[in-house]
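Here the structure is laid out as structure tokens; the discussion comes afterwards.
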Amino acid sequence: MKDVKVIFMGTPDFSVPVLEMLIENTSVALVVTQPDKPVGRHHELKPTPVKEVALKNNIPVFQPQKIKKEYEKIINTPCDIIITCAYGQIIPEEILSYPRLGCINVHASLLPKYRGGAPIHWCLLNGEEKTGVTIMYMDKGMDTGDMIAKKEYEIKADDNVGTLHEELSEIGASLLKETLPSIIAGTNERMKQDEEQASYAYNIKREEERIDFSKTGQEILNQIRGLNPWPTANFLVNNEEYKVLEATFQKRENTTPGRVREITKNAIGIDVADGTIYLTKIKPFGKKIMDVKDYLNGVKKEIILNWEINQ
């Protein structure tokens, strides 16, 4: 496949294994990624993870602010195929129609479920038992093109966004490597998506990060793992935000949702609709992430027992 010219479009860490696989097995002519973003107190510009890999391998990089208006460099770069993975902008039809082998996307869900920008978050938030990766042709819709191949992944009880992100990233690179020869040869499958089974995984809204302790324990556990390590589930005590990264649940009756029921050696237990959620790893307001057992060393239990949680 080394004679196949590829333009790769991607941005975050999730895209890196796919790009590295393409560098090893094809001829990557251009990498397209999002513009550098300012980070930290001094707002220093930081390159995307994909850009860092491209520069390390001496591959030209293109970073348009708005690809719908700035795509000439792409269609003026000779290529056989364009491959995208978590790029972050909608690709215009001028690009989609350019390469002779089409535009291929590596998507982190079992399409047609969880189209859109946050499929990993929403499969966990909704308590799914499995997810996976789909290799697909791109069209002008949002992840609506014909599917080429899928690979499932059984979600583990301790998986969160971070662990699932890593697993699916590696699966995506492996599945694409396995599928590319048939795409190049034109012998691959093309499977239409069932629109009746489609769902949309939109980006997480700020209000969806707030824990509602009147929900069930399982719903809240799903929220915590579905937002860990980013953007993170949270609750307010006297308008100060506490982020929650890990918790356990004990079912019980006669609860008062939102009340601190008890404090153990390693956890803070807060009542929910059908039991008690025990917080075991948190980020208190103005402090670093810590195990609750360490947090309890510096705070009087009476203060926590009298928390008034903003609902």
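These numbers were taken from a predicted model, which means no experiment stands behind them. Side chains are part of it too, since the values below use all heavy atoms of this structure and drop only hydrogens, waters and symmetry mates.
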(request) May I ask you to decide if G226's main-chain N or O and N160's side chain share a donor-acceptor pair within less than 3.5 Å? (result) no
Would you mind writing out the side-chain donor-acceptor pairs for residues 17-33 within the sub-3.5 Å range, not counting sequence neighbours?
unit_1 : atom_1 : unit_2 : atom_2 : d
N25    : ND2    : M21    : O      : 2.8
T26    : OG1    : L22    : O      : 2.7
T33    : OG1    : G10    : O      : 2.8
T33    : OG1    : T11    : OG1    : 3.4
T33    : OG1    : T48    : OG1    : 2.9

(message) Just so I know, are the side chains of M9 and M138 near enough to count as touching, which here means a heavy-atom distance under 4.5 Å?
(response) no
(message) If only side-chain N and O atoms count, and only distance matters, is there a donor-acceptor pair under 3.5 Å linking R252 with T276?
(response) yes
(request) Determine, using the 4.5 Å side-chain heavy-atom cutoff (strictly less than), whether Y98 and V6 are members of one ILVMFWY cluster. (result) no
(request) Could you tell me whether the side chains of S214 and D212 share a donor-acceptor contact shorter than 3.5 Å? (result) yes
(request) Please collect all salt bridge (charged side-chain N to carboxylate O under 4.0 Å, His left out) contacts where either partner lies in residues 259-282, sequence neighbours excluded, each pair once. (result) E246-K281, K251-D274, R259-D271, R261-D271
(message) How long is the straight-line distance from CG of D294 back to CD1 of I289, given to the nearest 0.5 Å?
(response) 13.0 Å
(message) Under the ring-ring contact (aromatic ring centres under 6.0 Å, His included) definition, can you give me all pairs with a residue in residues 176-224, not counting sequence neighbours?
(response) W122-Y202, F213-F235
(message) Which residues end up grouped with L45 if you chain together Ile, Leu, Val, Met, Phe, Trp and Tyr wherever their side-chain heavy atoms are less than 4.5 Å apart?
(response) none
(message) Within this structure, what is the CG-OG distance for the pair D13 and S169, rounded to the nearest 0.5 Å?
(response) 8.0 Å
(message) Within the structure provided, determine whether P64 and F62 are in side-chain contact (heavy-atom separation under 4.5 Å).
(response) yes
(request) Write down the atom of I224, the atom of A247, and the distance for their closest heavy-atom approach. (result) CD1-CB, 3.7 Å
(message) Would you say that more than 12 heavy atoms from the other residues, nucleotides or ligands in this model lie under 6.0 Å from the CD of E240, or not?
(response) yes
(message) Within this structure, what is the NZ-CD1 distance for the pair K140 and I91, rounded to the nearest 0.5 Å?
(response) 15.5 Å
(message) Testing the basics here: between L110 and V133, what is the closest heavy-atom pair and its distance to 0.1 Å?
(response) CD2-N, 4.1 Å
(request) Enter the distance from F8:CZ to T84:OG1 here, rounded to the nearest 0.5 Å. (result) 7.5 Å
(request) State, yes or no, whether a side-chain contact exists between T232 and L245 at a heavy-atom distance under 4.5 Å. (result) yes
(message) A side-chain contact here means heavy atoms from C-beta on lying under 4.5 Å apart; do N266 and D291 qualify?
(response) no
(message) My understanding is that only residues two or more places apart in sequence, or in another chain, count here; which of them pass side chain to side chain contact (heavy atoms under 4.5 Å, CB included) with Q65?
(response) P35, E70
(message) Can you give me the closest heavy-atom contact between I263 and K301, atom names plus distance?
(response) CD1-O, 3.6 Å
(request) For Q197, enumerate each residue passing the side chain to side chain contact (heavy atoms under 4.5 Å, CB included) test, keeping only those at least two apart in sequence or located in another chain. (result) P112, D194
(message) What I'd like to find out is whether the side chain of I155 reaches to under 4.5 Å of the side chain of C123, using heavy atoms alone.
(response) yes
(request) Could you list who else is in M136's hydrophobic cluster, with ILVMFWY side chains joined at under 4.5 Å, directly or through other members? (result) L111, M147, M191
(request) Determine whether L279 and Y242 make a side-chain contact, defined as any pair of heavy atoms from C-beta on separated by less than 4.5 Å. (result) no
(message) Starting from I59, can I reach M1 by hopping between I/L/V/M/F/W/Y residues whose side chains sit under 4.5 Å apart?
(response) yes
(request) Looking only at non-hydrogen atoms, find the nearest pair between G275 and F249 and report the distance. (result) CA-CE1, 3.7 Å
(message) Just verifying a value: how many Å separate C79 SG and K5 NZ, rounded to the nearest 0.5 Å?
(response) 10.0 Å
(request) Kindly indicate whether the side chain of L125, heavy atoms from C-beta on, has any atom under 4.5 Å from the side chain of I204. (result) yes
(request) Scan for ring-ring contact (aromatic ring centres under 6.0 Å, His included) pairs involving residues 253-291, sequence neighbours excluded, and state none if there are none. (result) none
Would you list the atom pairs, donor with acceptor, under 3.5 Å between side chains in residues 50-58 and any protein atom, with sequence neighbours excluded?
unit_1 : atom_1 : unit_2 : atom_2 : d
K51    : NZ     : D36    : OD1    : 3.4
K51    : NZ     : D36    : OD2    : 3.0
K51    : NZ     : Q63    : OE1    : 3.0
N57    : ND2    : V53    : O      : 2.8

(message) Looking at every heavy atom in both A108 and P119, which two are closest together, and how far apart are they?
(response) O-CB, 3.4 Å
(message) Main chain of K68, side chain of Q89: is a donor-acceptor contact present, judged purely on distance under 3.5 Å?
(response) no
(message) For E196, I'd like to know if atom CD has over 12 heavy atoms of other residues, nucleotides or ligands within 6.0 Å.
(response) no
(message) Using the salt bridge (Lys or Arg N to Asp or Glu O under 4.0 Å) criterion, which residues pair with K192? Sequence neighbours excluded.
(response) D146
(message) Is there a path of hydrophobic side-chain contacts, each under 4.5 Å between heavy atoms of I/L/V/M/F/W/Y residues, joining I268 to I277?
(response) yes
(message) With a 4.5 Å cut-off on side-chain heavy-atom distances among I, L, V, M, F, W and Y, is there a chain of contacts connecting V16 to Y87?
(response) no
(message) Please list all pairs meeting ring-ring contact (aromatic ring centres under 6.0 Å, His included) that have one or both residues in residues 130-179, counting only residues at least two apart or in different chains.
(response) F14-H165, H165-W230
(message) Could you check whether E207 pairs with R210 (Lys NZ or Arg NE/NH1/NH2 to Asp/Glu carboxylate O, under 4.0 Å)?
(response) no
(message) Donor-acceptor check, side chain of T134 to backbone of K150, threshold 3.5 angstrom: yes or no?
(response) no
(request) Working to the nearest 0.5 Å, report the span between OG1 of T131 and CD of E167. (result) 11.5 Å
(request) Specify the closest pair of heavy atoms between R100 and D80, including all atoms of both residues, with the distance to one decimal. (result) NE-OD1, 2.9 Å
(message) Looking at R115 and E195, is any side-chain nitrogen of the basic one under 4.0 Å from a carboxylate oxygen of the acidic one?
(response) yes
(request) Using the rule that two of Ile, Leu, Val, Met, Phe, Trp, Tyr join whenever any of their side-chain heavy atoms come within less than 4.5 Å, decide whether I220 and I309 are in one cluster. (result) yes
Donor-acceptor contacts, no H, no angles, side chain residues 170-186, under 3.5 Å, sequence neighbours left out:
unit_1 : atom_1 : unit_2 : atom_2 : d
T179   : OG1    : L175   : O      : 2.6
S182   : OG     : T179   : O      : 2.8

(message) If we check side chain to side chain donor-acceptor pair (under 3.5 Å) with Y114, which of these qualifies: E128, H121, H107?
(response) E128
(message) Using side-chain heavy atoms (C-beta onward) and a distance below 4.5 Å, is V299 in contact with I304?
(response) yes
